[in-house]
Protein chains: 2
Amino acid sequence: MKPVPAPKPSSVAAAPAIDEVDAGFLESLIGYNARRAALAVIEVFLQRMVVYELRPVDFSVLSLTGHNPGITSRQLCTTLGILPPNLVGIINTMARRELVTRRPHPHDGRAVGLHLTAKGFKLMREAERTAAALEVEVTSSLSTAESKALITLLKKVYQTRQDEAARTPRRASANQR
Amino acid sequence: MKPVPAPKPSSVAAAPAIDEVDAGFLESLIGYNARRAALAVIEVFLQRMVVYELRPVDFSVLSLTGHNPGITSRQLCTTLGILPPNLVGIINTMARRELVTRRPHPHDGRAVGLHLTAKGFKLMREAERTAAALEVEVTSSLSTAESKALITLLKKVYQTRQDEAARTPRRASANQR
DNA sequence: TATTGTTATACTCTATAACTATA
DNA sequence: TATAGTTATAGAGTATAACAATA
């Protein structure tokens, strides 16, 4: 983006140098732009959540469990698009930190209901407040209407994908993301 | 957010089961929605690019090199937000596949200019066509105006983040996400 | 027979340190 | 001294297979 000295009118255009990268094609793709935006926001998220020792997944599990007392591992996996083996460690760590407890499921002996402790709820409230503040910051270049529109459009994209995947059963219900 | 059967007026609310997960809070966050949308689109992208043996990074490198002949590794890294050590293997593989060649940089003996071979250009054109087709598909639930708006809004989010990071030099220019 | 939760493990992606050649 | 490219390696994140307990 800086002013560049005019290219030497020299002869051999054999292997010219690039001074301004043209990423035009990539920037026309939803996937590319959505990934860049997600990474940019998550970068800030990571910084702000360090004090709570919460990674994005941890935050998601905390928030979902707080708003859905008794939720099962399976439900967390389906909602967040993560695999059961990878959730075990997350829950274990949170249990060791005394943020969540496992209680027997009311009518399924295989399943376990997850619940936040008082400490867990306190952390959830603080972390959600921080996330909400961060949200305002990250959307500072957008109007309120634009922020709402952005979220609506993003949901349309992934919910449509999700529905189509459900309508095209690969075997049963495709598990991930 | 779907209608939920009225809670049984039963007695012990000890450990109720969750039948519909409320992800309301998470769904209010740009980062969460952008990540979900990116993953949904990339999933389709992965499937369609299998025939070309191109992962998203490979595609990006191929496209950028095709549109910017003579681009350096450093420029690719900066543009795509990947680290130099992780790019080496990508370029090596693409060179082994005879898609790119390394040529001396016109006026910097340390740098190497990257160029597509004829085979590389052919693959780039095919892959870009596929990506463009996929784009139409993935935005089927959006109007043309909505698709354009979505991309504009996403760019606003990450370009603002990017600019602020540049204005707050942590040491020099913070390289990575 | 199918599903929940779990262990063990492999694979991919991303990050850090250190080296060389050139500027 | 700083930068471009590279090597080796460490660490996260994500994936598959297989098992016990329950449905």
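In the text below, chain A, chain B and the rest are named by the order of the sequence lines, each starting its count at 1. This is a predicted model, so every value here is computed, not measured.
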>> Given dT7(D), dT7(C), dA4(D), identify the nucleotide with an atom nearest to the side chain of R74(B).
In response: dA4(D)
> Between atom CD1 in I91(A) and atom P in dG5(C), what is the gap in whole Å?
Replying inline: 9 Å
> Roughly, in whole Å, what's the span from CG in L87(B) to C1' in dT7(D)?
Replying inline: 14 Å
> In terms of the nearest nucleotide of DNA chain D, which residue is placed more toward the 5' end: I71(B) or V57(A)?
Replying inline: I71(B)
> Taking atom types as modelled, is there a side-chain donor on N92(B) or R102(B) under 3.5 Å from an acceptor on the other?
Replying inline: yes
> How are the rings of Y32(A) and Y158(B) set to each other: parallel, tilted or perpendicular (split at 30° and 60°)?
Replying inline: perpendicular
> Are F59(A) and F45(A) close enough that their ring centers fall under 6.0 Å?
Replying inline: yes
> How do N86(B) and S73(B) order along DNA chain D: which one's closest nucleotide is nearer the 5' end?
Replying inline: S73(B)
>> Between the side chains of R48(B) and E43(B), is the shortest nitrogen-to-carboxylate-oxygen separation below 4.0 Å, so that they form an ion pair?
In response: no
>> I need the CD-P distance between E43(A) and dT14(C), as an integer number of Å.
In response: 14 Å
> Do H115(A) and V100(A) come within less than 4.5 Å of each other through their side chains, counting heavy atoms only?
Replying inline: no
>> Base, sugar-phosphate or nothing for V112(A)? Non-hydrogen atoms, less than 4.0 Å.
In response: sugar-phosphate
> Tell me: CD1 of I82(B) to C1' of dC13(C), nearest whole Å?
Replying inline: 11 Å
> Using a cut-off of less than 4.0 Å, is there contact between a side-chain N or O of R102(B) and OP1 or OP2 of dA4(D)?
Replying inline: no
> Can you give one letter per nucleotide of nucleotides 18-23 of chain D, 5' to 3': B if a protein heavy atom sits under 4.0 Å from the base, S if only from the sugar-phosphate, - if neither?
Replying inline: ----BS
> Roughly, in whole Å, what's the span from CG in L83(B) to C1' in dA17(C)?
Replying inline: 13 Å
>> According to salt bridge (charged side-chain N to carboxylate O under 4.0 Å, His left out), does anything in residues 138-148 of chain A pair up with another residue at least two apart or in another chain? List the pairs.
In response: E146(A)-K156(B)
>> Just the rounded figure in Å: distance from C1' of dG5(C) to CG of L114(A).
In response: 11 Å
>> Measure CZ/R55(A) against P/dG11(D) and give the value in whole Å, please.
In response: 15 Å
> In whole Å, what is the span from the CD atom of Q75(B) to the C1' atom of dA4(D)?
Replying inline: 11 Å
> Mind checking whether I91(B) and L76(B) have side chains closer than 4.5 Å, heavy atoms only?
Replying inline: yes
